[in-house]
Colleague: 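The structure follows.
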Amino acid sequence: MKVGIFSEKIMNLYREGSFSFDAIKLDGVEDERITEMNSLIVGSLKNDVVEKCAKLEDIFIPFTGRNGFDENFINERGINIHSTSIHAKFVAERALSLGLSLLGRIVEYDQKLREGRWSRRNFDDRTSWDSMFNKRVGIFGYGEIGKCIANLVAPFNCEVRALSRSTKENVINTSSLTELVESSDIIFICVPLTDETRGVIDKSILDLMRDKILINIARGSIVNEEDLFNSLKEKSLLGYGSDVWFNYPDRESDEAMPSRFPIQNERVVMTPHCGGFAIGAERMRYLDTLRQVEEVFLQN
Ligand SMILES: O=C(O)C(=O)CO
């Protein structure tokens with residue numbers, strides 16, 4: 001089995017380890033040796049590249065999301081896709097911290113203090129913060145991350161609801177997105193981005209979120225950007241916490257987001273898609289991916 005690795009960091013971990021399979025470092029998808037590979041460790045691939053790789057049997061993604069691939073196209077060719085969720089607890093922690101910071105108005109208070117304004121003097125119902133305790137939590141997509149969020153909010157005595165393809169234990173199961181949203185105070189988006197989920201959080205759903213908080217650690221495009229923009233502008237949605245984006249800057253640049261997303265909105269708390277990058281998490285993901293390659297190699 002020939003394994004192609006694009007990432008220098010993963011290649012270094014491969015060299016440091018004692019794996020049974022042979023791996024080579026590829027210089028990008030243009031590298032002609034890619035056509036000889038049976039396996040690739042890669043985050044995304046266009047169909048024309050997959051087509052070139054006639055010997056490809058397995059793709060290993062060093063994170064969870066599979067939206068960098070056309071899964072139908074890949075499945076039709078009998079190629080297996082593997083991904084890792086070993087970092088789910090970190091992404092869940094990021095989701096919770098976005099929720100806590102919106103409820104607790106951390107960013108707003110911090111900004112006011114930096115402007116020299118001690119706004120605690122004016123505390124009233126409008127300026128005081130809300131607590132996570134006893135909140136009704138809705139988890140849209142109850143995979144590894146969703147489960148971790150449910151565990152993290154347990155000490156807050158939250159009532160947890162989930163919307164998932166199958167019935168889940170220890171949570172209240174809901175049967176539609178409408179039911180989940182209507183019966184929750186804070187909603188966590190944890191579903192993968194697919195044709196089915198793209199834009200599913202649209203005006204009709206956001207309209208049900210009056211005075212509720214929405215957290216997205218899955219993929220930006222699960223939410224309709226324009227509808228979100230309007231919901232925040234009309235102050236319908238109480239807050240949006242996001243680690244994931246509609247557009248991303250060029251890989252190499254630190255430019256601001258190429259998005260009309262309301263960055264200057266006090267009801268928004270955001271981080272630059274780093275949920276899976278807690279200290280040590282990247283190494284964990286890469287090692288788990290190499291372990292998965294080894295497992296497939298030993299099975300063959
Ligand atoms: O694992 C993933 O797909 C992530 O986006 C982590 O944040």
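Only this structure's heavy atoms are used, side chains among them; waters, hydrogens and symmetry mates stay out. Both ligands and their constituent atoms are indexed starting at 1 by order of listing.
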Colleague: Run the salt-bridge test on E226 and K203 with the 4.0 Å N-O cut-off and return the result as yes or no.
Modeller: no
Colleague: Examine the side chains of N72 and E76 and answer whether a donor and an acceptor come within less than 3.5 Å of each other.
Modeller: no
Colleague: Below 3.5 Å only, please: the N or O atoms of ligand 1 paired with protein N or O atoms, distance on each line.
Modeller:
{"from": "ligand 1", "atom 1": "1 (O)", "to": "T64", "atom 2": "N", "distance (Å)": "2.8"}
{"from": "ligand 1", "atom 1": "1 (O)", "to": "T64", "atom 2": "OG1", "distance (Å)": "3.3"}
{"from": "ligand 1", "atom 1": "1 (O)", "to": "H87", "atom 2": "NE2", "distance (Å)": "2.7"}
{"from": "ligand 1", "atom 1": "3 (O)", "to": "T64", "atom 2": "N", "distance (Å)": "3.3"}
{"from": "ligand 1", "atom 1": "3 (O)", "to": "G65", "atom 2": "N", "distance (Å)": "2.7"}
{"from": "ligand 1", "atom 1": "3 (O)", "to": "R219", "atom 2": "NH2", "distance (Å)": "2.8"}
{"from": "ligand 1", "atom 1": "5 (O)", "to": "R219", "atom 2": "NH1", "distance (Å)": "2.8"}
{"from": "ligand 1", "atom 1": "5 (O)", "to": "R219", "atom 2": "NH2", "distance (Å)": "3.4"}
{"from": "ligand 1", "atom 1": "5 (O)", "to": "H273", "atom 2": "NE2", "distance (Å)": "2.7"}
{"from": "ligand 1", "atom 1": "7 (O)", "to": "H273", "atom 2": "NE2", "distance (Å)": "3.4"}
{"from": "ligand 1", "atom 1": "7 (O)", "to": "G276", "atom 2": "N", "distance (Å)": "3.4"}

Colleague: Please determine if K212 and D185 form a salt bridge, counting it only when a charged side-chain N lies under 4.0 Å from a carboxylate O.
Modeller: no
Colleague: Restricting to ring pair (Phe, Tyr, Trp, His ring centres under 6.0 Å), what partner residues turn up for F21, sequence neighbours left out?
Modeller: Y14, F19
Colleague: Run the salt-bridge test on E93 and K89 with the 4.0 Å N-O cut-off and return the result as yes or no.
Modeller: no
Colleague: Given the ring of F90, does R94 sit roughly above its face, with NZ or CZ under 6.0 Å from the centre of the six-membered ring and within 45° of the axis?
Modeller: no
